[in-house]
Amino acid sequence: MIKSVLIFNQLGKPRLIKFYEQIGTTQQQEILREIHALVAKRPDTQCNFLEGCQSMGSSSSDSSHRIIYRHYATLYFVFVVDSSESELGILDLIQVFVEALDRVFENVCELDLIFHFDEIHYILMEVVEAGMVIETNLTEISRAVNEAKQQIKPASEHSRL
């Protein structure tokens with residue numbers, strides 16, 4: 001099961017935070033700081049999997065949580081998962097999520113994540129719901145996002161009248 005999805009920049013500034021468990025804001029910030037410290041210092045030549053996250057209640061000997069991430073330009077896309085998830089499957093899921101963002105924003109960048117956070121959350125919701133993967137087909141994800149945009153557009157046009 002996916003426990004959380006985090007996107008942050010090289011300085012550790014969060015651009016998307018989504019937890020699928022009830023966790024307090026203070027603990028969320030601790031988790032973000034810890035994960036940023038772990039992944040930011042790793043060279044790109046090392047693997048993208050880490051065992052344990054002390055802030056989430058795991059130790060290095062207890063591998064109940066795994067951190068799986070990809071580094072694209074200035075952003076880190078991080079999925080924290082339990083031991084039932086496949087590392088390679090999650091890496092592929094990150095790739096699908098990033099490609100879906102690229103389709104919607106045409107070469108997604110950090111500013112897209114800042115100014116269109118609601119769309120980013122919607123795209124993530126099309127891919128992952130309640131910690132479970134529900135869609136990996138890019139065509140279906142794009143179709144759902146485009147349909148949602150079409151429904152929102154007429155509502156905003158009516159508010160101008």
Side-chain angles (χ1 to χ4, degrees), residues 1-21 23 25-129 131-142 145:
M1 183 170 176
I2 297 169
K3 301 295 183 180
S4 63
V5 177
L6 309 168
I7 303 174
F8 50 84
N9 66 14
Q10 292 172 326
L11 301 174
K13 301 267 188 214
R15 299 305 179 212
L16 178 133
I17 297 176
K18 180 67 177 174
F19 283 88
Y20 296 101
E21 304 178 315
I23 296 178
T25 306
T26 304
Q27 189 177 5
Q28 288 179 14
Q29 292 172 348
E30 287 175 26
I31 291 167
L32 180 69
R33 275 192 297 274
E34 181 182 348
I35 291 175
H36 173 261
L38 289 170
V39 301
K41 68 181 179 184
R42 292 172 62 90
D44 288 337
T45 56
Q46 286 188 322
C47 79
N48 298 17
F49 316 138
L50 295 166
E51 294 290 335
C53 178
Q54 292 178 357
S55 298
M56 291 188 87
S58 294
S59 65
S60 56
S61 61
D62 171 24
S63 60
S64 63
H65 291 93
R66 286 180 284 166
I67 300 164
I68 302 168
Y69 71 96
R70 299 277 311 249
H71 183 204
Y72 295 97
T74 63
L75 295 170
Y76 290 93
F77 290 76
V78 179
F79 281 55
V80 179
V81 300
D82 63 16
S83 59
S84 68
E85 294 291 340
S86 160
E87 290 96 347
L88 295 176
I90 296 297
L91 276 178
D92 188 47
L93 184 64
I94 294 171
Q95 183 66 32
V96 166
F97 181 50
V98 171
E99 286 182 27
L101 294 173
D102 273 341
R103 283 189 180 190
V104 172
F105 295 108
E106 298 175 18
N107 293 325
V108 68
C109 68
E110 190 171 349
L111 290 175
D112 292 322
L113 292 158
I114 294 169
F115 293 115
H116 302 285
F117 63 91
D118 52 341
E119 287 182 63
I120 305 300
H121 278 277
Y122 184 78
I123 295 166
L124 178 62
M125 193 172 55
E126 286 296 322
V127 176
V128 178
E129 183 78 31
M132 303 298 280
V133 178
I134 57 171
E135 186 62 69
T136 59
N137 184 327
L138 282 170
T139 305
E140 287 299 314
I141 296 166
S142 297
V145 170

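Note that the coordinates shown come from a computational prediction; the quantities given were computed from them, not determined experimentally.
- One finds the NZ atom of Lys18 at 14.5 Å from the NZ atom of Lys3 (value rounded to the nearest 0.5 Å).
- In this model, no donor atom of one side chain and acceptor atom of the other lie less than 3.5 Å apart for Tyr76 and Arg70.
- Between Ser83 and His65, every side-chain heavy-atom pair lies at or beyond the 4.5 Å cut-off.
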(request) Starting from the C-alpha separation in whole Å, work towards a yes-or-no answer on side chain to side chain contact (heavy atoms under 4.5 Å, CB included) for Leu16 and Leu124. (result) CA-CA 10 Å; Leu16 178 133; Leu124 178 62; 3.9 Å; yes
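- Separation of atoms CD (Gln28) and OG1 (Thr25) is listed at 5.5 Å; rounding is to 0.5 Å.
- The neighbour count for Phe49 CZ, taken as heavy atoms of other residues, nucleotides or ligands under 6.0 Å away, is above 12.
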(message) Applying side chain to side chain contact (heavy atoms under 4.5 Å, CB included) to Phe19 and Ile31, what does each step give before you reach the verdict?
(response) CA-CA 11 Å; Phe19 283 88; Ile31 291 167; 3.9 Å; yes
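- Remark: Phe105 CZ to Ile120 CD1 distance equals 3.5 Å, nearest 0.5 Å.
- Taken to the nearest 0.5 Å, the CD1 atom of Ile114 stands 10.5 Å off from the NZ atom of Lys13.
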(message) Between Gln10 and His71, is the side chain to side chain contact (heavy atoms under 4.5 Å, CB included) condition met? List the steps.
(response) CA-CA 9 Å; Gln10 292 172 326; His71 183 204; 3.5 Å; yes
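- When each of Val128, Val127, Asp82 is tested with Ile2 by the rule side-chain contact (heavy atoms from CB on, under 4.5 Å), just one qualifies, namely Val128.
- Aromatic rings of Phe77 and Tyr72 (six-membered ring for Trp) have centroids within the 6.0 Å cut-off, being under it.
- The only member of Ile90, Leu93, Val80, Ile68 that meets side-chain contact (heavy atoms from CB on, under 4.5 Å) when paired with Glu85 is Ile90.
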